[in-house]
Amino acid sequence: MSKQKPSLPKGTRDFGPAVMTKRYFILDTIKKVYQKYGYAPIETPAMENLSVLQGKYGDEGDQLLFKILNSGDFLSKSTEQGLKSSKELLPAISEKGLRYDLTVPFARFVVMHQHELTFPFKRYQIQPVWRADRPQKGRYREFYQCDADAIGTNSLLCEAEIVLMIQEVFQNLQQTKPDTLDYAIKINNRKVLSGIVEVIGASGKETDFAVAIDKLDKIGEEKVKEELAERGFSAASLEKITPLFSLKGDNFEQITHLKAFLKDSEIGSKGIAELEEVFSILQGLGADVPQLELDVTLARGLSYYTGAIFEVKPKNVEMGSISGGGRYDGLTDNFGLPDVSGVGISFGVDRIYDVLEELDLFPDAHQESTQVLIVAFDQESWNYSLRVLNSLRVNNIKSELYPEPVKLKKQMKYGNDKNIPFVIVVGSEETKSGLLTFKDMAEGSQDNLSISEILNRLK
RNA sequence: GUGGAUGUAGCUCAGUUGGUUAGAGUAUCGGUUUGUGGUACCGAGGGUCGCCGGUUCGAGCCCGGUCUUCCACCCCA
């Protein structure tokens, strides 16, 4: 076997201990909030049958699915059948794919387990997903999604609670320095967008409208209008939208303006009513959410949203959306379970990681790691140290004994590199007297103490 | 998927118009120090110059292809 350089597939990453500690901090924070609001964990397989995945994300999405080659001699089968194009070939050689998101597998899960589940069903799911996208900074081919969805209820309490969960997650992520991150929880409603399209006389072009208007903060009003024109919106339509670009005032003032704008659209008015109810439920919950901003230009590309749409955008860090979600009707229709509405939220761990790193918001890693390292001079002291190690662990102190009594310098360096705050030195003097050398690595100071005195110091 | 940049030691980077044995900082290992890490001083190891091919007497440097990473689109977390 010839030597080869190890390598990783494009767009995938290893995570070392330092990074994992920080990632767990984010994941644990999100998990705790989900649990607090009554969401229960599930997991689904990394791979799904392609029939489950295909056709759910649009043509672009289908392109980005990772397909898994069938086992066995699939080639002869396909040549026998004389398949020519890759489009014909694909079903013959691949019937499984890696999941593209957590929402579609969840819909499949709900349909398959509908008779075991109690509705409304609230689940959270934290697992990696895969996309055959071209990688860029903050965009990978393998990344984690942290989803929570409530399915089987139309209640807007879910929407209100999503807002609260977002607020709570970001509050808890900033324990070390509260309010360092300035961010907006943007909310809109697909029905409002449909209403707008209807009022300006462009019914049926909801998706085109959503894709174009979603770029407003990136490319500006003029470019959005150009793109809308390219997508077949008439000059008269564009004229009518213009006031919406300069919608001013707080959430309630905006709602007042929109109500007037959409008064002739049934669906638009329904969207407004839903937004009002979310605000009203939040008020009833006694919630103060200054970050919540109504934004009629928020669209989100995903076409399956039908009601509320959410997005979280950092304001004092250069970064795209770090969280998003919304309500969708009929996601389970495809799998034969109609009339089930769901609403969900997803946090983007990788981007949140970058934001926290930039604002230096990660807590000190010290509490997570080993608190005490025991180092021994010789074999006899090492044997004695086993007892010391045991007493530390019995008292729930994260501790380790250097596995061999090698040169002290090497053992000390190990403790130093691992950022272990305390070291107990055991040699012939210590085993004789029973007083151990207890060293504070940060101070550089050390005292001779009994085990019980050491335990007191560490508590 | 389209267009553009990038790649030299584990990491960050030098490397002259193409010319002998490719360097530095940092990290690693050893020593100064056989009862002490983080600072200091001394020394050592570590490279198929991303990979494959071409031009040339001669390529880290020029040309083509390929892969990686990054940037802008498309789309998205």
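Note on naming: letters A, B, ... go to the chains in the order of the sequence lines (proteins, then strands), and numbering restarts at 1 for each one.
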**Report entry** Under 3.5 Å side-chain donor-acceptor pair for A:Tyr37 and A:Glu168
**Finding:** yes
Report task. With P as the reference atom in both, quote the distance from B:A5 to B:G64 in angstrom, rounded to an integer. Result -> 11 Å
Requested in this report: Send over the distance from A:Phe422 CZ to B:G38 C1', rounded to a whole Å.
Outcome: 16 Å
Requested in this report: Take atom C1' in B:U8 and the same atom in B:G15, then report the distance between them in whole Å.
Outcome: 9 Å
Requested in this report: Using the six-membered ring for Trp and the full ring for Phe, Tyr or His, decide whether A:Phe143 stacks on the six-membered base ring of B:A77 (centres under 5.5 Å, planes under 30°).
Outcome: yes
Requested in this report: Pick the C1' atom in B:G4 and in B:G47, then give their distance to the nearest Å.
Outcome: 30 Å
Report task. Using the C1' atom as the reference point in each nucleotide, state the distance between B:A77 and B:C67 in Å, no decimals. Result -> 26 Å
Query raised in the report: Once each nucleotide of nucleotides 6-11 of chain B is scored for protein heavy atoms under 4.0 Å, what B/S/- sequence comes out, 5' to 3'?
Result: ------
Polar-atom pairs under 3.5 Å, protein N or O versus N or O of nucleotides 29-32 of chain B: list them with distances, or write none.
from, atom 1, to, atom 2, distance (Å)
B:G31, OP1, A:Lys407, NZ, 3.1
B:G31, OP2, A:Lys407, NZ, 3.1

Distances under 3.5 Å only, N/O to N/O: pair up the protein atoms with those of nucleotides 70-74 of chain B.
from, atom 1, to, atom 2, distance (Å)
B:C71, OP2, A:Lys137, N, 2.6
B:A72, OP2, A:Gln136, OE1, 3.4
B:C74, OP1, A:Lys215, NZ, 3.3
B:C74, O2', A:Glu60, OE2, 3.2
B:C74, N4, A:Arg139, NH1, 2.9

Report task. Please evaluate the base of B:G37 for a donor-acceptor partner in the side chain of A:Asn416 within a cut-off of under 3.5 Å? Result -> yes
**Report entry** Polar side chain donor-acceptor pair, A:Asn383 to A:Gln379, under 3.5 angstrom
**Finding:** yes
Requested in this report: Spell out yes or no: do the side chain of A:Gln411 and the base of B:U36 have one donor N/O and one acceptor N/O closer than 3.5 Å?
Outcome: no
Requested in this report: Please measure how far the C1' atom in B:C29 lies from the corresponding atom in B:G10, and state the result in whole Å.
Outcome: 13 Å
Report task. Begin with the C-alpha distance, continue with both residues' side-chain angles, and end with the deciding distance and a verdict on salt bridge (charged side-chain N to carboxylate O under 4.0 Å, His left out) for A:Arg23 and A:Asp350. Result -> CA-CA 8 Å; A:Arg23 284 177 68 87; A:Asp350 298 287; 3.1 Å; yes
Query raised in the report: Between A:Glu400 and A:Lys418, does at least one N-O distance fall below 4.0 Å, as a salt bridge requires?
Result: yes
**Report entry** Residues A:Gln35 and A:Tyr124: side-chain donor-acceptor under 3.5 angstrom
**Finding:** yes
Query - Whole-Å P distance, B:U26 and B:G43 - result: 14 Å
Query raised in the report: Between A:Lys313 and A:Glu293, is the closest basic N to carboxylate O distance under 4.0 Å?
Result: no
Query raised in the report: With a 4.0 Å cut-off, would you call A:Lys32 and A:Asp28 a salt bridge?
Result: no
Query raised in the report: Roughly how far apart, to the nearest Å, are B:U66 and B:A72 at atom C1'?
Result: 23 Å
Query raised in the report: Mind checking the P distance from B:G25 to B:C61? Whole angstroms is fine.
Result: 26 Å
Query raised in the report: Between A:Phe106 and A:Phe109, how do the two ring planes meet: parallel, tilted or perpendicular, split at 30° and 60°?
Result: parallel
Query raised in the report: Any side-chain donor paired with an acceptor under 3.5 Å for A:Asn70 and A:Ser94?
Result: no
Query raised in the report: Is the A:Phe438 ring parallel, tilted or perpendicular to the A:Phe422 ring (thresholds 30°, 60°)?
Result: parallel
Query raised in the report: Using 30° and 60° as the class limits, which term best fits the ring planes of A:Tyr328 and A:Tyr304: parallel, tilted or perpendicular?
Result: perpendicular
Query raised in the report: Is any N or O donor-acceptor pair between the side chain of A:Lys439 and the base of B:U36 shorter than 3.5 Å?
Result: yes
Query raised in the report: If you measure from the Lys or Arg side-chain nitrogens to the Asp or Glu carboxylate oxygens, is any gap between A:Arg457 and A:Glu453 under 4.0 Å?
Result: no
